[in-house]
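Here's the structure, in structure tokens; my notes come after.
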Amino acid sequence: MVQRVGRIAVHVLIIGAAGMVGRKFIARIAADPACLGAPVTRLTLADVVPAVAPAVPAGQITTRIVVGDLAEADFAEALVADRPDLVVHLAAVVSGEAEADFDKGYRVNFDGTRALFEAIRHAGDATGNPAGYCPRLVFSSTSAVFGAPFPDRIGDDLALTPLTSYGTQKAMAELLLADYSRRGFVDGIGIRLPTICVRPGAPNRAASGFFSNILREPLVGREAVLPVDDDVRHWFASPRAAVGFLVHAARLDTTRLGWRRTVTMPGLSATVGDEIAALGRVAGPAAVALIRREPDPTIARIVAGWPRAFDARRALELGFTADADMDAILAAHIEDELGGHVPGRAV
Ligand SMILES: NC(=O)c1ccc[n+]([C@@H]2O[C@H](COP(=O)([O-])OP(=O)(O)OC[C@H]3O[C@@H](n4cnc5c(N)ncnc54)[C@H](O)[C@@H]3O)[C@@H](O)[C@H]2O)c1
């Protein structure tokens, strides 16, 4: 009998556990070990850099930290050897790096993902019967699987015509996920995440970084550079919403997906101007004044090729929920990262 999350989620394997979404997901499990439908009692946290074990009362969750490269021979086999009930695959070389380093992008995002699927296919059940193990597998995909020209709102049915190596690698992984699910090797669900905003941590050099930088930095009194016009529109979800998508995907009755195993997650379509207006409401004009406009034609050109809005009705019908508006995204960041108040403003 295959154990399904929703009835008995005891052992969760997270790959890419040291990344931003992974850390947030682990924190959610630590805060509510039953959030996946049954108490999580074991966590295996894998990444090329050491993940951090959750702070939970002694004996509540047994955590194993595993450091290694998913694309290395035998690494995936070792991760699934004791047949975790739920596998959450977040590991990736993200867009900028996958474009700059062709070999690394394909190696991690495609070869590593296929190695994971193959390892699960061969893991077998406790008696060594390969047909006896079919874990829920949640795969984090991206809207970069779609390529221009775009309709006004992109539905789940638009053909996958990615225009980056990263998008191509994720699109191929979506196809593998569907076929390995159809063949009964995994019980897969792919979730195409919007751009996560406000991304916590230091500013990074991703072309999309400014969407978060112009909120996160002024909130703590630091300057941020805005390289594009205020009317640039994009598709956002908070880290909190992203964790909500993972939790829901882990629990969902996947028979509702039919053969289309990947779903575009709901998000918020908003402009840079909407972001700045929300910042002004929360932190006042002094914070807004910390945004330095420095047009960058290269970034503006890249961003102009990105999707702006999706028709996520399929995800909404399946019960996934998005942030209500930019104020809610900011409020989540202030609560989760700044202890509930903006430094320098009266509570
Ligand atoms: N953050 C976003 O805006 C966004 C949007 C769409 C999709 N996604 C997808 O969501 C997932 C999580 O995103 P994130 O923002 O947490 O990314 P992140 O870069 O913060 O985390 C990814 C993690 O994967 C690990 N990793 C990289 N190569 C690995 C390998 N070979 N073996 C094992 N681990 C490896 C990295 O060390 C890192 O900790 C990724 O798959 C990403 O493609 C993210």
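Positions are given from 1, in the same order as the sequence printed here. Counting convention: from 1, in listed order, for ligands and their atoms alike.
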**Prompt:** Should one rank I14, V88, D47 by closest heavy-atom distance to atom 37 (O) of ligand 1, which comes out on top?
**Reply:** D47
**Fill in**
Closest to atom 5 (C) of ligand 1 among protein heavy atoms sits P194 O, 3.4 Å
**Fill in**
The closest protein heavy-atom partner of atom 35 (C) of ligand 1 is A91 CB, 3.7 Å
**Request:** Determine, using heavy atoms of R199 and all atoms of ligand 1, whether some pair is separated by less than 4.0 Å.
**Result:** yes
**Message:** Can a side-chain donor-acceptor contact be found between E97 and Y166 if the only test is distance below 3.5 angstrom?
**Reply:** no
**Asked** Counting heavy atoms only, which part of V21 comes closer than 4.0 Å to ligand 1: side chain, backbone, both or neither?
**Response** both
**Item:** Protein contact of atom 44 (C) of ligand 1 - nearest heavy atom, named by residue and atom, plus distance
**Value:** L193 CD1, 4.1 Å
**Of L176, D111, V186, V80, the residue whose pairing with L116 passes side chain to side chain contact (heavy atoms under 4.5 Å, CB included)** = V80
**Message:** Among P239, G19, S140, which one puts a heavy atom closest to atom 10 (O) of ligand 1?
**Reply:** S140
**Message:** Just to be sure I'm reading this right: ignoring hydrogens, which of L90, V94, I191, D69 gets closest to atom 31 (N) of ligand 1? Compare them by their nearest heavy atoms.
**Reply:** D69
**Item:** Which of the ligand 1 atoms, numbered from 1, are nearer than 4.0 Å to a heavy atom of G68
**Value:** 32 (N), 33 (C)
**Fill in**
When distances are taken from atom 28 (N) of ligand 1, the protein heavy atom at minimum range is V108 CG1, 3.6 Å
**Message:** Checking a contact table here: which protein heavy atom is nearest atom 3 (O) of ligand 1, and how many Å away?
**Reply:** I196 N, 2.9 Å
**Message:** With no hydrogens and no angle check, just 3.5 Å: does a side-chain donor-acceptor pair link D231 and T271?
**Reply:** no
**Stepwise side-chain hydrogen bond (donor to acceptor under 3.5 Å, both in side chains) test for T264 and R192** = CA-CA 5 Å; T264 296; R192 294 188 194 112; 2.9 Å; yes
**Request:** Work out whether the distance between some heavy atom of S208 and some atom of ligand 1 is less than 4.0 Å.
**Result:** no
**Complete:** atom 27 (C) of ligand 1: closest protein heavy atom, distance to 0.1 Å, is A92 O, 3.4 Å
**Message:** With heavy-atom distances below 4.0 Å as the criterion, list the atoms of ligand 1 near T195.
**Reply:** 3 (O)
**Asked** Which heavy atom in A171 sits nearest to a heavy atom in P162, and how many Å separate them?
**Response** CB-CG, 4.2 Å
**Prompt:** At their closest point, which heavy atom of P84 faces which heavy atom of P135, and how far apart are they?
**Reply:** O-CB, 3.6 Å
**Message:** Exactly one of D69, L70, V67, V108 should register a side chain to side chain contact (heavy atoms under 4.5 Å, CB included) with V48. Which one does?
**Reply:** D69
**Request:** Check each of Y166, F75, F25, F236 against atom 43 (O) of ligand 1 and report the one with the nearest heavy atom.
**Result:** Y166
**Request:** Identify the residue among T44, T41, D85 that makes a side chain to side chain donor-acceptor pair (under 3.5 Å) with H11.
**Result:** T44
**Message:** Using a 4.0 Å cut-off to any heavy atom of S141, which atoms of ligand 1 qualify?
**Reply:** 6 (C), 7 (C)
**Prompt:** Which of the numbered atoms in ligand 1 are below 4.0 angstrom from a heavy atom of L70?
**Reply:** 30 (C), 31 (N), 32 (N), 33 (C)
**Prompt:** Would you find more than 12 non-hydrogen atoms of other residues, nucleotides or ligands less than 6.0 Å from R314 atom CZ?
**Reply:** yes
**Message:** Using a 4.0 Å heavy-atom cut-off, which part of A144 comes near ligand 1: side chain, backbone, both, or neither?
**Reply:** neither
**Prompt:** Between the main-chain N or O of L252 and the side-chain N or O of R136, is there a donor-acceptor pair closer than 3.5 Å?
**Reply:** yes
**Prompt:** Among K170, M265, R107, Q169, whose heavy atom sits nearest atom 41 (O) of ligand 1?
**Reply:** K170
**Asked** Between Q169 and S165, is a side-chain contact (heavy atoms from CB on, under 4.5 Å) present by the stated rule, with each step listed?
**Response** CA-CA 6 Å; Q169 293 143 14; S165 294; 3.6 Å; yes
**Asked** For R313, does the CZ atom sit with more than 12 other heavy atoms under 6.0 Å from it, leaving out its own atoms?
**Response** no
